[in-house]
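Reading through the structure tokens given below for one structure.
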Amino acid sequence: MLVAVAFDTQTIVIAVALLVLAALLVALLARAAVARRAPKPPEELPAPKPEQRVEPPPPRTEVKPPPERVAREQRARTELERAQDALAEAEAQAKADAAAQAEVERRRREVSDAQRKLEYERRKIAEAEERARREAEDAALARAEVAARAAEEARLAAERATQEEARRKLAQKEAGRTLADGLAKTRGGFMARVNAMVGAAKELDEATLSELEEILFSADVGVRTATALLESVRERLKRRELSDASRVKAALREEIERILSLGVAPGESGHGGLPELPPGSPPPQVVMVVGVNGTGKTTTIGKLAARLKESGRSVILGAGDTFRAAAGEQLDVWADRAHVPMVRGKDGSDPGAVLFDAVSRAKTEGAQVVLCDTAGRLHTKANLMDELKRLRRVLEKAQPGAPHEVLLVVDATTGQNAIAQARQFHEALGVSGFVLAKLDGTAKGGVIIGICGELKIPVRYVGVGEKLADLKPFDPHEFVEALFS
């Protein structure tokens with residue numbers, strides 16, 4: 001019996017202990033679960049949203065009501081007060097005298113009328129104030145708009161001034177060299193020898209003329225032109241127009257300017273720049289640019305395109321030099337610099353087809369000038385010159401009357417060889433003008449006198465440097481001034 005009781009007590013103790021352990025375990029598990037569910041604090045607080053600043057409404061414009069309206073309202077208030085006083089007096093009398101009741105009613109009507117009149121005047125004052133406020137606000141808004149427009153115009157004017165200053169600085173940077181700078185080497189050769197002769201000669205005798213003859217024949221002006229200049233001096237000497245050696249320089253100056261002017265009065269020569277289309281000829285004006293290898297044709301075309309574009313004429317370039325691998329890329333670079341479009345074919349393709357497409361595009365787009373590049377040709381190779389003749393015929397098919405100008409680019413550094421080139425190209429193509437490039441790099445600038453003297457071909461441009469502005473329209477008087485300065 002005792003054993004059984006002891007066994008039951010032990011069982012109860014064990015059961016209680018197990019229940020306590022189970023309760024503790026449940027409590028620990030619940031705490032862990034709650035900890036897992038609890039949100040973790042953020043590592044960083046979120047950036048506060050920018051506070052939106054609420055602009056306070058603009059203050060209402062304070063206006064004063066019209067003085068006449070205020071006076072009328074004041075009179076209406078005074079009348080109301082009088083009517084109220086009269087009503088009070090009438091009511092006091094009515095208490096003492098029943099017959100005075102009619103007077104009270106009349107006074108009450110007067111008070112009512114006075115009140116309506118006062119309310120009417122107050123409404124009118126409020127309307128006048130609102131109308132005046134609106135007018136003042138409209139006037140303030142108009143003034144603000146005028147000030148805003150003035151500020152915007154001032155800003156635009158400042159921007160234009162800044163742009164003009166930038167363009168001026170760019171133009172100054174790209175101004176290039178003067179013609180006098182480009183003729184420095186020629187002036188230091190030919191003219192230096194003439195000046196030395198004039199300074200050393202005491203009298204104009206046969207020895208002085210022989211020295212002058214040697215100077216002229218070595219000046220790259222060509223045999224014919226040198227002979228013509230010398231004969232002119234001799235003729236003046238015979239007419240006793242040259243009293244001493246110092247007059248020789250002035251005589252040469254006059255004769256050279258006469259030769260360069262091609263018989264036109266100084267200052268009126270048709271040399272410089274690209275001439276306009278003949279009357280009645282429809283655009284575009286087609287310019288065919290030719291010359292031997294290395295004379296600077298492509299560079300001249302790029303500079304000429306930039307000059308024409310700057311003058312307001314629309315230009316398209318035709319990459320007709322498909323023979324030289326780098327010619328298309330070089331012309332493409334110049335097209336980008338001048339901001340003009342270019343028509344180009346594949347290397348080795350038919351140059352005639354490329355130039356035909358260039359003229360056709362110019363006609364479609366309404367371009368005014370087409371500058372046609374061509375492959376360099378040795379003037380001594382008949383088959384190469386025949387190819388240029390074919391290109392000329394292609395251009396004539398593309399545009400009747402084309403090419404309107406055949407520009408020959410010659411290298412001034414080649415001296416008298418440039419005269420031979422000009423003669424061959426002129427016989428084959430009928431050159432209508434030429435460009436003397438690289439004038440700044442040689443002392444042989446006198447070749448320009450020889451070309452004008454022998455072939456009577458107008459000089460359109462001279463190149464005196466690498467910049468865009470270094471391609472300058474030719475002016476005979478300016479050239480002579482720069483040569484003899």
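In what follows, every heavy atom counts, from backbone to side chain, and hydrogens, waters and symmetry copies are set aside.
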Review point. Judged by atom type as modelled, is there a donor-acceptor pair below 3.5 Å linking the side chain of Lys309 to the main-chain atoms of His339?
Key: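 Checking the backbone N and O of His339 against the side chain of Lys309, a donor-acceptor pair under 3.5 Å is found.
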
Practice item. Decide side-chain contact (heavy atoms from CB on, under 4.5 Å) for Val194 and Ile215; before the verdict, give the C-alpha distance in whole Å, the side-chain angles of both, and the deciding distance to 0.1 Å. Key: CA-CA 7 Å; Val194 172; Ile215 293 172; 3.9 Å; yes

Practice item. Go through Phe434 and Val409 one step at a time and tell me if the side-chain contact (heavy atoms from CB on, under 4.5 Å) criterion holds. Key: CA-CA 6 Å; Phe434 75 94; Val409 181; over 6 Å; no

Looking at [Y] and [X], is there a salt bridge between them, counting it only when a charged N and a carboxylate O are closer than 4.0 Å?
X      : Y      : answer
Lys389 : Asp386 : yes
Glu211 : Arg193 : no
Glu310 : Arg307 : no
Lys303 : Glu466 : no
Glu130 : Arg133 : yes

What is the distance from atom [atom1] of [X] to atom [atom2] of [Y], rounded to the nearest 0.5 Å?
X      : Y      : atom1 : atom2 : value
Lys297 : Leu407 : NZ    : CG    : 12.5 Å
Leu355 : Gln399 : CG    : CD    : 13.5 Å
Arg149 : Leu156 : CZ    : CG    : 13.5 Å
Asp357 : Ser349 : CG    : OG    : 9.5 Å
Arg224 : Leu229 : CZ    : CG    : 14.5 Å
Ile301 : Leu471 : CD1   : CG    : 11.0 Å

Check your understanding: Just wondering, are more than 12 heavy atoms of other shown residues or ligands nearer than 6.0 Å to CZ in Arg423?
Key ->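 Enclosed.
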
Exercise for review: Determine whether more than 12 heavy atoms belonging to other residues, nucleotides or ligands lie under 6.0 Å from atom CD of Glu127.
Suggested key: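 Enclosed: over 12 neighbouring heavy atoms sit under 6.0 Å from CD of Glu127.
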
Point to revise | Pro458 versus Ser432, closest heavy-atom pair with distance | key: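 Answer, listing the atom of Pro458 first, then Ser432: CD-O, 3.5 Å.
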
Check your understanding: Closest heavy-atom contact between Gln285 and His404?
Key ->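 That closest heavy-atom pairing would be CA-ND1, 3.6 Å.
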
Exercise for review: Going by the side-chain contact (heavy atoms from CB on, under 4.5 Å) test, name the single residue among Val431, Ile451, Leu408 that passes it with His426.
Suggested key: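 Single pass found, and it is Val431.
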
Point to revise | Verdict with reasoning, Val406 to Arg392, per side-chain contact (heavy atoms from CB on, under 4.5 Å) | key: CA-CA 9 Å; Val406 179; Arg392 183 186 177 101; 3.1 Å; yes

**Study point:** Residues Arg344, Glu329; criterion side-chain contact (heavy atoms from CB on, under 4.5 Å); working and verdict
**Key:** CA-CA 10 Å; Arg344 178 184 176 187; Glu329 287 80 0; 2.9 Å; yes

Review point. Heavy atoms, side chains only, cut-off 4.5 Å: are Tyr461 and Lys472 in contact?
Key: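 Tyr461 does not reach Lys472 side chain to side chain.
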
